Each structure stands twice: as C-alpha cells, then as structure tokens.
Amino acid sequence: MINSKITNKVAISFIRILAGIVVLILAFLVGYILIKGLPYVSWHFLTSPSKSVSAGGGISGQLFNSIYLLVLSLLISLPIALGAAIYLNEYAPKNKFVSTLRNSIEVLSSLPSVVVGLFGFMFFVLKFGFGFSILSGAIALTFFNLPILTSSIENSLAAVPNLQREAGVALGISKWETIIHVIIPAALPSIVTGIVLASGRILGEAAALIFTAGQSSPVLNWTNLNPFSSTSPLNPMRPAETLAVHIWKINSEATIPDAVQISAASSAVLLILVFVFNLIARRLGNVIFKKMTAGGK
Amino acid sequence: MAENVKEKAILTTKDVRLFYGKKEALHGINLDFPETGITALIGPSGSGKSTYLRSINRMHDFTDYVKVTGEFNYNGQNIYDPNTDLTQLRKNIGMVFQQPNPFPFSIYENVAFGLKLDNKLSKIELDERVETALKQAAIWDDVKDRLQQSALGLSGGQQQRIAIARALATRPDILLLDEPTSALDPISSRAVEDGLVEIGDKYSIIIVTHNMQQAKRISDRTAFFMDGNLIEVDSTKNIFLYPKEKETEDYVSGKFG
Ligand SMILES: Nc1ncnc2c1ncn2[C@@H]1O[C@H](COP(=O)(O)OP(=O)(O)OP(=O)(O)O)[C@@H](O)[C@H]1O
Ligand SMILES: [Mg+2]
C-alpha cells in the first residue's frame, strides 16, 4: 500500500517536472523572440516597405503577403480537405483501396516542404508559366497543407462517438443532415485546432515558398484594388515574399545594415501573427458552431 | 404461443429472423404491441433483445452484413417496404439508447433538433413542442430556467430524460428504449421510470431492461427472450407470478442469467 503510494507520488512529480521543462523551454523561446524583436517593432516598421540595401526598411509587403497567402491557401485547401475527410470517415467503404488511400495521405502529410517547393517550381512556375507568383505559392501551400488538414479533420470526425450518429439517425434525420448538424459541430473544436496548427505551419513556411512565391516584393500601391493590375496587392500573379521568407533572405544575404534588428523584429511579428490568427480562428469556430447548431435554417 | 395483444395493435411483427452474416440471431419472433402501455423485453445477455428492438426502426440498415426477414406492420404499413419514408418512420418510432447521448448543443436545441430540420414550425409552436416534450419526460422543472445552457452540463439521469424528450418532441406513436437506465444511479433511474410511467397511457413504449424490479414496477406486459427466441409474453404479473414456461420461471426467479 505505502509502496504504491510512494511510486505514485514519484511518478506524478516526475511527470510534473517534464511538463515544467516543456513549459520553460516554450516560455524561454517565446520570451527571447519577443524581447529581442519587440523593441524594433513600430507602426512605421509594420507599414513601410522593405529596403534592399539601406537601413530603416519595414515589412508591410511581407506582412500582407503572409496573410494573403494563408487566406488563399486555406480557401483552396479547406473545402477540399473537409470534403475528403467527410467521405473517408463517413461514407468510404472499409476496403483495401480506401485504407491505401488513407495511408498515402498520411505519408504525404510528412512530405518535406522543400520537395513540395521544387515540385511547385517545376510545374506551376515553369511548366504552367505562372511564374514566381502568389498563385504558384498558394497552390504549393495547398499541396503541402491538404494531406495534413485532411488527416487531422478525419481524425476529428472519427473521435465523435458513433452514438451521436445513431442518435441523429434515430430522430429521423438523414445521414447527411446528421453529419452537417451534429457530427461536424461536435468535431468543430478539434477541427479548428487542426486548422490553427496547419496555419501555423503555413505562416512559418519558407522552403516551399522560396521556389514558388519568390523572394521579391514589388512596390505595392495599397489603394489599387484591381486584382489584374501589377501594382495591386491583390494581384495573384505578382511575386510575393512572405515574412518567413524575408527572415530567411535577410539572414542569408545580409545586404542591409540593420538585418539583425529587422529579422528579430520580423520574428516577433510572425509569432504574434500566429497567436492572433489562433484567437481569430477560435472565435470564428464558436460563431460557426452557433450557426450550425441553430438547426439548419 | 402465449397471449398476444387482444386490443388493437399498433405494431405487429411476425416470424422475424435476423442474420449477422451467416449467424441467425433471431429465430422467428412473433410479437405485437398495443397502442398504449409499456412492454418490457427481458432475458439473459445475448438473447437478442437489442437486436430485435433495433430491427423495429430499421437501425440495422447501416450494418451491411445484417439481413432481416419477416413481417413488420406498423399501423398497416410495412416497415421494410423499400418505399418506406425512413425519416417519417423514425419520427413515428422514437428511440432512446443505453448511454445518455445529448448533442453538444443547448438543452433547447437538443429537444427542438428533430423538429427544426424539416417542419416549418413557428418559434411559438416550437417553444410549445419543446416545453411539452420536456414536461412529458419529467425534466421540465429541472431545466426550465436554463434551456439555453449546454445539455452536456446535465447529470446522466437528466441527459437521459432529455434524450426521451428529444424523441418525444417529434410526436412518435412508439418509443423504443434499450436499457435506458443501466448507466444511471438508482435515484436518476427512478426519475426516468416515473417519466415513462406518466406517458405510458399515451404511447406504446417498448423497453429493454435487465432490471427485474424495474420491469415489475413500470411495465404492463413483459416478453421473455432467450437465445434468439421469444419464450413467453404475457401480462407482467403473470410472467413474474405465474409463468407458463420453465425457462421463464427459472429466469425470473433468478436461477440463471
Ligand atoms: N453487430 C453484431 N455483429 C454480429 N453479431 C452480433 C452483433 N450484435 C449482436 N450480435 C450477436 O447477436 C446476439 C444477440 O445480441 P443482442 O445484443 O441483441 O443481445 P441482448 O439481448 O441485447 O444482450 P444484452 O442484454 O447483453 O444487451 C448475440 O449473440 C450477439 O453476440
Ligand atoms: Mg442489448
């Protein structure tokens, strides 16, 4: 009796220590990046364009590009991933073919992003002639993102107990309506977590974008909202360096005198961006949950 | 076969056989149910009670290796007719499961759910139906002040009564319950039982239970299943006091099972 109590206590303390170490490392990392970077973050830094040889540049273009690419690639990949996951988990027969498909998707989700980038470069940039562009980047990110999102959404759906499906069907609700109004809302918190994690990876992604969205940010005219004009920020055919790529580039090329400060500040901004996105996604998740569970009208 | 329903039956089943793959799990069940009153299905584990119950509202449809044969007649309608409107059928024959399984919505939305999707009810009608269903399930007083709170925050017994209200809200004729109180403590069980007794004179209720006391307390008729056969069906009093079959007597007196 006493022995098992002691072992129990030791085990719990041990687990606590491990958890503490994780928290400490995380706090150190976040703290370090913020303390190093935040002093250089100013309104001017966020809203002025980057400079290529002199000091005092900002990150307005890169910041916008990161968000724009994230939104675009989610707009493309989310509906596809959701559909695929619903099919795989709710409708697909349990046979060899489907389980092979499922396994391939899991393998794809660990594909190195450099490979995705080179593939995107060969196909979309060169072969299809999209050039270094937001479009090429968004498609590459979709390739990169789709398997991850599909498996995470599928897992979220699979975690909803079968009882919920039976309960819906027993109420005389069709299978499809049960999925839309019961299963997806029940899985929504975990689906949102999956989206947030995938988005974090997109925001931090550099390798897949260097070869597809490019490393330059043309001068943008923020008042030009015509997506076909070359100076418009919305133009999907223009090259678009993201924050993560910017950090990588100024560190590897260092043509600007204040590279250290700018990359520290950019890192801090990137971190905050991920955090803000996280909050927004969860809020949105709550709103969607309310809408969906309000009964389909 | 012992006595079946004398008054008008709302549901008659004849020679029901059910196969899980090659294995026959029900060996020709003949059982009728009156328009009102509570029928208890009792019998040892694995005797086919759940299998039979789930065949009534066609819950086996989703398991592709299950085959059902026999006659199922609900109000003059063949349940297994390929043209049966399953949505309507399942609104007419409600079901409550062993585990409380509220949807992750508010209490109100849980009960209104089956109504909202295809009935064009006004908000007032909807409120009325929800209130009536909650009252019938004997849970109204517990929840009337927190209808907008999540049903997940309720106790197991309350959740189970919400599940009953949810099934009642679509105004079924028949309510199927598969061991609805086996996951509940005695006090919650009693609350659910009281709710059922209260509505027993308006609906045809079919309840699977392992609890002999419960069957005695609430049911008007009892059907005893064993090894995929219906051994005997009679008034609850007769089953427990004057069983005709040896197996029934052994089971209700606790000799096995
Ligand atoms: N999905 C299934 N696939 C194959 N066999 C099954 C399946 N479900 C039940 N069976 C078998 O059918 C028989 C009847 O099972 P059923 O669940 O109907 O019994 P029950 O009377 O409800 O038992 P319990 O009191 O334990 O709930 C059992 O032999 C069981 O093993
Ligand atoms: Mg059972």
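In what follows, chains are A, B, ... by sequence order, proteins preceding strands, each numbered from 1. In this text, all values refer to a predicted model and were calculated from it rather than measured experimentally.
The contact between Arg54(B) and chain A is made entirely by side chain atoms (from C-beta outward), counting heavy-atom distances below 4.5 Å. Within the 4.5 angstrom heavy-atom criterion, no atom of Pro172(B) approaches chain A. Of the atoms belonging to Tyr108(B), not a single heavy atom falls under 4.5 Å from chain A.
Within 6.0 Å of OH in Tyr32(A) there are 12 or fewer heavy atoms belonging to other residues, nucleotides or ligands. When the shell of 6.0 Å around CZ of Arg282(A) is examined, it contains more than 12 heavy atoms from other residues, nucleotides or ligands. Other residues, nucleotides and ligands contribute over 12 non-hydrogen atoms within 6.0 Å of the CG atom of Leu279(A). Within 6.0 Å of the CZ atom in Phe275(A), the count of heavy atoms belonging to other residues, nucleotides or ligands does not exceed 12. No more than 12 heavy atoms of other residues, nucleotides or ligands sit less than 6.0 Å from atom CZ of Arg283(A).
Distance CZ/Phe113(B) to NE2/His181(A): 6.0 Å, rounded to 0.5 Å. Between atom NZ of residue Lys175(A) and atom CG of residue Asp61(B) there is a gap of 11.5 Å, rounded to the nearest 0.5 Å.
Here the shortest heavy-atom pairing between Gln99(B) and Leu163(A) reads CB-CD1, 3.5 Å. Taking both residues in full, the closest heavy atoms of Ala167(A) and Phe103(B) are given as CB-CE2, 3.9 Å, listed atom of the first, atom of the second, then distance. Of all heavy-atom pairs between Asn57(B) and Ala170(A), the closest is ND2-CB, 4.4 Å.
No donor-acceptor pair closer than 3.5 Å links the side chain of Asn101(B) to the backbone N or O of Gln164(A).
Residues Leu171(A) and Lys91(B) are not in side-chain contact: their nearest non-hydrogen atoms beyond the backbone lie 4.5 Å or more apart.
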